[in-house]
> 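I am attaching a structure below and will ask some questions about it afterwards.
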Amino acid sequence: MSTTASDPLAALGSLPGVPDAVDSVRKAVDRVYGHRVMRRRSNEVTAEAALRGSRGSAALAGADWNLEEVRRRTDFSGEDEARTVGAALRLTAEAGQLLSIWRQSPLRVLARLHLVAAGGATPDDTVGRPRLAGEIVDEPLIEAPLPGSEEVAGRLEGLSSLIIAGGSAPALVTAAVVHGELLALRPFGSHNGLVARTAERIVLIGSGLDPKSICPAEVGHAEQGRAAYVAAFEGYTAGTPEGMAAWITHCGRSIELGVRESTAVCEALQRGAA
């Protein structure tokens, strides 16, 4: 993050185009929460959003499975893609359990998310802690320069302090920054993208924007495509006002596409087709 304002996240909320994105996201979220299906069947919408969000996050991590295949499978061990989908499903299930800890100790939550993503597959002590100097990072989608371990530690502490302090920034801005910063740092040896997108989800739930977790941004990130995701992220790493605004608005569009997905689920439930 390249801003030194006293409330840097709030300052990002005033970048050109960002207020419009914030307003558009809020209106979209309010519409789906107002759907009549949400009155009695919100748990079903939440469950379906979790499944579809997991599928989207796994797709960005290189396991682009059909939704019905994700729904059908019970064994996610074995090949790399199955393990990636399994990790995404576990992370989505875990996200809602960590809200109170997130507000007090984001770094503990990130460590927990990495443990959940790894699923016990890695027997050494690299799981659940930020990487040390010289340790390899397996994150094929993100090719940005990899910060050193000391920079990672410092920036993680800075991010944690911002989250704990709170502030007046809109949920979209905070979620986008958390997501972007974790992608930029890649603090763990693996599963950084999955963890970053889960952290974005936690912010959206905990902020009150999406308390029932029915607006899966991961769906929108996947729908816009890996190339668009990487291009928007490059704006974040550039650190310019234009680049930061492009990343935040990309994340906003992803939430809106997630809203569209859940609205379709609501309509299907209303027709008795789901």
Side-chain angles (χ1 to χ4, degrees), residues 1-35 49 52-53 56-57 59-60 95 102 142 144 159 162-163 165-184 193 196-264 266:
M1 293 172 290
S2 58
T3 176
T4 58
S6 58
D7 189 349
L9 297 183
L12 293 175
S14 65
L15 292 174
V18 173
D20 289 341
V22 169
D23 185 57
S24 182
V25 165
R26 168 52 69 187
K27 289 178 178 176
V29 172
D30 286 348
R31 283 195 299 272
V32 71
Y33 269 85
H35 197 286
R52 296 180 185 218
S57 191
L60 287 171
W102 175 260
I142 304 301
L159 182 64
L162 285 174
I163 294 165
S168 59
L172 167 61
V173 173
T174 303
V177 168
V178 167
H179 183 170
E181 191 72 352
L182 292 174
L183 277 185
R197 291 184 287 276
T198 305
E200 178 184 47
R201 174 183 283 266
I202 289 172
V203 173
L204 295 174
I205 299 169
S207 68
L209 178 67
D210 182 22
K212 294 183 182 293
S213 193
I214 62 167
C215 307
E218 305 97 323
V219 167
H221 287 304
E223 184 172 334
Q224 293 185 84
R226 296 177 79 183
Y229 183 73
V230 171
F233 170 64
E234 288 173 351
Y236 180 88
T237 58
T240 63
E242 296 80 9
M244 294 295 290
W247 171 247
I248 293 167
T249 55
H250 178 89
C251 291
R253 178 58 179 158
S254 295
I255 297 169
E256 291 186 60
L257 291 170
V259 167
R260 187 177 70 180
E261 190 90 349
S262 287
T263 301
C266 289

> Can you name the side-chain contact (heavy atoms from CB on, under 4.5 Å) partners of Glu200, sequence neighbours left out?
Ala175, His179, Leu204, Ala217, His221, Cys251
> Kindly write out the residues that satisfy side chain to side chain donor-acceptor pair (under 3.5 Å) with Arg253, not counting sequence neighbours, or none if the list is empty.
none
> Indicate the atoms forming the closest heavy-atom contact of Gly220 with Leu257, along with that distance.
CA-CB, 3.6 Å
> List the atom of Ala246, the atom of Ala232, and the distance in Å for their closest heavy-atom pair.
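The pair with the smallest heavy-atom distance is O-CB, 4.5 Å.
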> Answer yes or no: is there a donor N or O on one side and an acceptor on the other, between the side chain of Ser57 and the main chain of Gly53, under 3.5 Å?
no
> Please tell me if the side chains of Leu209 and Val29 come closer than 4.5 Å, counting only heavy atoms from C-beta onward.
yes
> State, to 0.1 Å, how close Leu162 and Pro8 come at their nearest heavy-atom pair, and which atoms those are.
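Scanning both residues, the minimum pair turns out to be CD2-CG, 3.6 Å.
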> By the salt bridge (Lys or Arg N to Asp or Glu O under 4.0 Å) test, which pairs, at least two apart or in different chains, include something from residues 215-244?
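Sorted pair list: Arg201-Glu218, Glu223-Arg260.
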> Can you find a pair of side-chain heavy atoms, one from Tyr236 and one from Val177, that are under 4.5 Å apart?
yes
> Taking only residues two or more places apart in sequence, or in another chain, which ones meet Thr249 in a side-chain contact (heavy atoms from CB on, under 4.5 Å)?
Ala21
> Among residues at least two apart in sequence or on other chains, which ones pass side-chain contact (heavy atoms from CB on, under 4.5 Å) with Ala199?
Trp102, Leu110, Val178, Leu182
> How long is the span from the CD1 atom in Ile255 to the CG atom in Asp210, to the nearest 0.5 Å?
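Ile255 atom CD1 to Asp210 atom CG measures 8.0 Å (nearest 0.5 Å).
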> Would you name the heavy atoms of Cys215 and Val259 that are closest together and state the gap between them?
SG-CG2, 3.6 Å
> Please report the interatomic distance NE2(His250) to OH(Tyr229), rounded to the nearest 0.5 Å.
7.5 Å
> Just jot down the side-chain contact (heavy atoms from CB on, under 4.5 Å) partners of Ala264, sequence neighbours excluded, or say none.
none
> Over all heavy atoms of both residues, which pair between Ile248 and Leu172 is shortest? Give the atoms and the distance, please.
O-CD1, 3.8 Å
> To the closest 0.5 Å, what do you measure between CZ (Arg52) and OG (Ser262)?
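If we round to the nearest 0.5 Å, Arg52:CZ and Ser262:OG are 7.5 Å apart.
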> Restricting to pairs with a member in residues 8-30, which pass salt bridge (Lys or Arg N to Asp or Glu O under 4.0 Å), not counting sequence neighbours?
Asp23-Lys27, Arg26-Asp30
> Got Thr174 and Ser207 here, is their nearest side-chain heavy-atom distance under 4.5 Å?
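No, their side chains stay 4.5 Å or more apart.
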> Compare every heavy atom of Val219 with every heavy atom of Gly258, then report the nearest pair and how far apart it is.
CA-CB, 4.3 Å
> Of all residues at least two apart in sequence or in a different chain, which pass the side chain to side chain donor-acceptor pair (under 3.5 Å) check with Ser24?
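Glu256.
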> Mind checking the CE-CG spacing from Met244 to Leu15? Nearest 0.5 Å is all I need.
7.5 Å
